[in-house]
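Note on naming: letters A, B, ... go to the chains in the order of the sequence lines (proteins, then strands), and numbering restarts at 1 for each one. It should be emphasised that the depicted structure is a prediction, and the values quoted were computed from it without experimental measurement.
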Amino acid sequence: MHAVRGYNPRTVVLERLSFMTIAIDFETYYSDTYSIDLFGPDGYCAHPQFDPYHISAYDGKPENGSPVFSYTGLPQSFPWERLNGADVVSHNARFDETVFLEMQKRNWAPKNVKPRSWQCTADLSVYLDAPRNLKGAALALLDVPPMDKTIRDRMKNKTPEMMRGKTGMMEEVAGYALKDAMYCWEIWDKYASQWPETERRVSQLNRDWGRRGVMVDTKLLAEYRGKLLEARFNAEKDIPWEWDPEKTPLAPKSLAIECRNAGIPCPGSLAVDDEECMAWENEYGDKYKWVGAMRDWRRSNILLKKIETLRRRVRTDGTFPFSLKYWGAHTGRFSGDAGFNMQNMPRNEVFGVDVRRLFIPRPGKKMLIADFSQIEARLLLWVAGDTKTLDAIRRGLHVYEAHAVNTMGYDSKRGPLKTTDPDLYKLAKARVLGAGYGCGGPKFVVVAKKMAGVELSLEQGVAAVKQYRADNPRIVNLWAKLNAGLLWSRGTEEKPQDYEIELQSGRSLKFYRVHTGTDACAYLERGGTRPVKLFGGKLCENVIQALARDVFVTNMLKLDDAGYQNMFHAHDEYVLEVEPDVDVKEVERIITTNPDWLSGCPLGAELMLTDCYKK
DNA sequence: GCTACGAGCGCC
DNA sequence: AAAGGGCGCTCGTAGC
């Protein structure tokens, strides 16, 4: 390997190989008031303070007997043509590629240089169940000693000029940066072959779509901001104690003191669905508005912060660039990222604000929102082998009704269950959505209320769970099977073993170092540090979630193949930007086409052609 | 002063 | 023996 002796950029090139994989890592100025956290990767790069003062590059494979190319130094002296036609990799390519594109835009890098591809080793790492951050990934995947990241912290608030003023600091940065590029390259070199082509494409498209962004109704945004400031202000009127105007009135201590002064008990929890808190509200809520006010303050504030983030990040063309984390969950699902979560916007209007309405198609386009219908419930039936219920669904029965027909004695000749027996329909819905993963009686009461609006007593909840299990032996059997595998795999206390569940979609779910405490525990990450309790129902849910994700992603690629523009998505919902005369039936056909591995499971989808995002 | 973690609340 | 699961963001507090 190459030692880095000084900060002077050093380049070793004998010949340029075509289709070379080269790892790239940028160092850029950041501070307390100017950071990716605040502006997102795109806003950060487009910002006036944007300063990519260092680049490191590494291509470690001496092919054709040529020497390793490595560079760590000023971008001004970087041989950019090396990237032309190359396969570039970065650890968090969402950032580094954006930096590069912005540099080209500003003529800081030649505009004619075009990499053949740009892949992300952070995405590769999480696909392999390793940590997303480079330090953790290198430790888990390369078995190298933990990297020292303290220099990264010291770089905060420091311009390159300031760093050059400190003896040895730039050299330290150069060494650190090159090491990052080397580890990134090593991870790619060692593991890329384990990353399927389709997954690479998902990772790449995910970054492209986020960078492209979604159009925002900026006028409505301003209106919403006003409403939320007002809502928060109104909540403040009912909070009697003093607080730092720079901060929030949410300190539990203040509430406790206020309650004591009033001679009343203080609720142990402030959560809306907490029983004790509900009792407190019934008893004291009319006279003492604090708890409700704190809740309103919190909820309006959370929404306001979301609005402020949007306002800060919307580009001059009205679009909002965002990020979704590829493989954010160990099941493979995407998750929110970079300060704005596209996957958890409120479904309903709150404080006069419907956040979803802010997202609109570009001028002349329409938005097509397409949801899978109960995909997890269908996949559960499919994995468990309940062909009878699946057949009923294929014949056109709603999933909940098919469940009622096959396990609750409903006769579908009587007509649609939803209208003939609304209570039974609701109970069927609660069972399908809530009882399929080993949920117990007390929890089922809560879940049934939340998911199906059914009010059950504890006794009824317990009975419902018992009845569900008796009526659905295949599903119960599936839990048992997964649990047996877990117990079989866990090895011994001294020598824990990994548990691998092969999925029908062709990949595996892995649980690392399964061991026994009071329960069977395992780590979800290679080299993970936080064990989670496992049991059949939970494993079952993980399996179903993973399969649903695979169906979702497979058909997302098919949509892309067919030329449909994805904007963003949320687990089982695609949000597309389409021509007004789009063939909705064609889109539905693509979405409900079964992947090769999924035969015999009827898929369904609901599509909505609209002028804004909505539920 | 920073990190870690739980509470609270939003989603699928 | 029984146990629904998967996330992110904001905030407060504890612990270093």
Side-chain angles (χ1 to χ4, degrees), chain A residues 32 37 150 153 156 243-244 247-256 267-274 277 291 294-306 308-309 322-325 327-348 350 355-356 371-372 374-377 380 430-448 450-451 462 465-466 468-469 475 479-480 483 509 518-521 524 529-530 532-546 548-549 552 569-573 615:
Chain A
D32 291 322
D37 278 356
T150 52
D153 299 328
K156 186 176 178 180
W243 68 90
D244 182 344
K247 292 185 178 169
T248 85
L250 297 179
K253 271 185 187 168
S254 305
L255 173 70
S269 159
L270 293 183
V272 224
D273 49 8
D274 183 85
C277 191
V291 170
M294 283 173 83
R295 215 176 263 150
D296 283 349
W297 198 96
R298 190 200 306 273
R299 289 199 306 147
S300 53
N301 184 55
I302 286 175
L303 273 184
L304 181 60
K305 286 291 151 75
K306 240 181 157 67
E308 297 285 5
T309 301
F322 59 90
S323 293
L324 278 169
K325 211 181 269 165
W327 212 274
H330 76 102
T331 55
R333 291 222 303 206
F334 291 85
S335 68
D337 191 28
F340 195 97
N341 188 348
M342 297 298 287
Q343 301 193 130
N344 74 343
M345 285 181 240
R347 300 164 64 99
N348 303 312
V350 221
V355 180
R356 294 187 187 222
D371 283 74
F372 276 104
Q374 311 89 24
I375 187 166
E376 293 199 5
L380 177 59
R431 282 168 50 130
V432 170
L433 297 179
Y437 305 110
C439 178
K443 180 80 175 176
F444 183 71
V445 174
V446 179
V447 171
K450 203 172 163 186
M451 289 175 159
V462 172
V465 166
K466 200 174 164 193
Y468 174 88
R469 294 182 186 182
I475 289 169
W479 305 341
N483 204 51
L509 269 184
T518 49
D519 297 282
C521 292
L524 302 181
T529 51
R530 280 227 305 252
V532 292
K533 280 185 198 168
L534 294 175
F535 53 92
K538 183 166 173 159
L539 293 170
C540 177
E541 197 284 336
N542 280 198
V543 165
I544 300 302
Q545 190 182 107
R549 179 271 182 196
F552 186 80
H569 46 88
H571 310 305
D572 66 352
E573 173 190 43
K615 196 57 228 168

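Panel note: side chain A/Q343, backbone A/F334; a donor-acceptor pair is recorded below 3.5 Å. At least one donor-acceptor pair under 3.5 Å links the side chain of A/R356 to the backbone N or O of A/P346.
No engagement by A/A520 is indicated, since no non-hydrogen atom pair under 4.0 Å with the nucleic acid exists. Among the heavy atoms of the strands lying under 4.0 Å from A/F340 are primed sugar atoms or P, OP1, OP2 only; no base atom is included. At a threshold of 4.0 angstrom between heavy atoms, the contacts of A/K325 are confined to the sugar-phosphate backbone, with no base atom among them. Looking at heavy-atom distances under 4.0 Å, A/M451 makes contact with a base. Here A/G339 lies in heavy-atom contact (under 4.0 Å) with sugar-phosphate atoms only. Note on A/G441: only backbone sugar-phosphate atoms sit closer than 4.0 angstrom, heavy atoms only; bases stay farther off. A/N301 comes within 4.0 angstrom of sugar-phosphate atoms only, judged by non-hydrogen atoms across all strands, and of no base.
Along DNA chain C, read 5' to 3', the first and last nucleotides having any atom under 4.0 Å from a heavy atom of chain A are C/dA2 to C/dT13.
Across the protein-nucleic acid pair, A/N344 atom CG and B/dG8 atom C1' stand 13 Å apart, rounded to whole Å. Distance, A/R347 CZ to B/dC9 P: 18 Å, rounded to whole Å. Between the C1' atom of B/dC12 and the NZ atom of A/K450 lies a distance of 10 Å, rounded to the nearest Å. Between A/I375 atom CD1 and B/dC11 atom P the separation is 21 Å, expressed in whole Å. In this entry the distance linking CG of A/D371 with P of B/dC11 reads 14 Å, nearest Å. We find that NE2 of A/H571 is positioned 12 Å from P of B/dC11, with the value rounded to whole Å. Look at CD on A/Q343: it is 8 Å from C1' on B/dC12, rounded to the nearest Å.
Listed by chain and number, the residues in a side-chain hydrogen bond (donor to acceptor under 3.5 Å, both in side chains) with A/K305 amount to none (sequence neighbours excluded). For the side-chain contact (heavy atoms from CB on, under 4.5 Å) test, residues two or more places apart in sequence or in another chain that qualify with A/K443 are A/C439, A/V447. Partners of A/D371 by salt bridge (charged side-chain N to carboxylate O under 4.0 Å, His left out), not counting sequence neighbours, listed by chain and number: A/K615.
Rounding to the nearest 0.5 Å places CH2 of A/W297 at 8.5 Å from CG of A/L304. Atom CD of A/E376 and atom CG of A/D572 lie 7.5 Å apart (nearest 0.5 Å).
Under the side-chain contact (heavy atoms from CB on, under 4.5 Å) test applied with A/I302, the options A/K306, A/R298, A/R299 reduce to a single match, A/R298.
Where A/G434 and A/I302 each meet DNA chain C at their nearest nucleotide, the meeting point lying more 5' is that of A/G434.
Contact check, A/R295 against B/dG8: no side-chain N or O comes under 4.0 Å of OP1 or OP2.
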Give each protein N/O atom lying under 3.5 Å from an N/O atom of nucleotides 5-7 of chain B, with the pair distance.
unit_1, atom_1, unit_2, atom_2, d
B/dC5, OP2, A/R530, NH1, 3.4

With a cut-off of 3.5 Å and sequence neighbours excluded, list every side-chain donor-acceptor pair involving residues 534-542 of chain A.
unit_1, atom_1, unit_2, atom_2, d
A/K538, NZ, A/K533, O, 3.1
A/E541, OE2, A/Q545, NE2, 3.3
A/N542, OD1, A/H330, NE2, 3.1
A/N542, ND2, A/K538, O, 3.4

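Not less than 6.0 angstrom separates the ring centroid of A/H571 from the ring centroid of A/F372.
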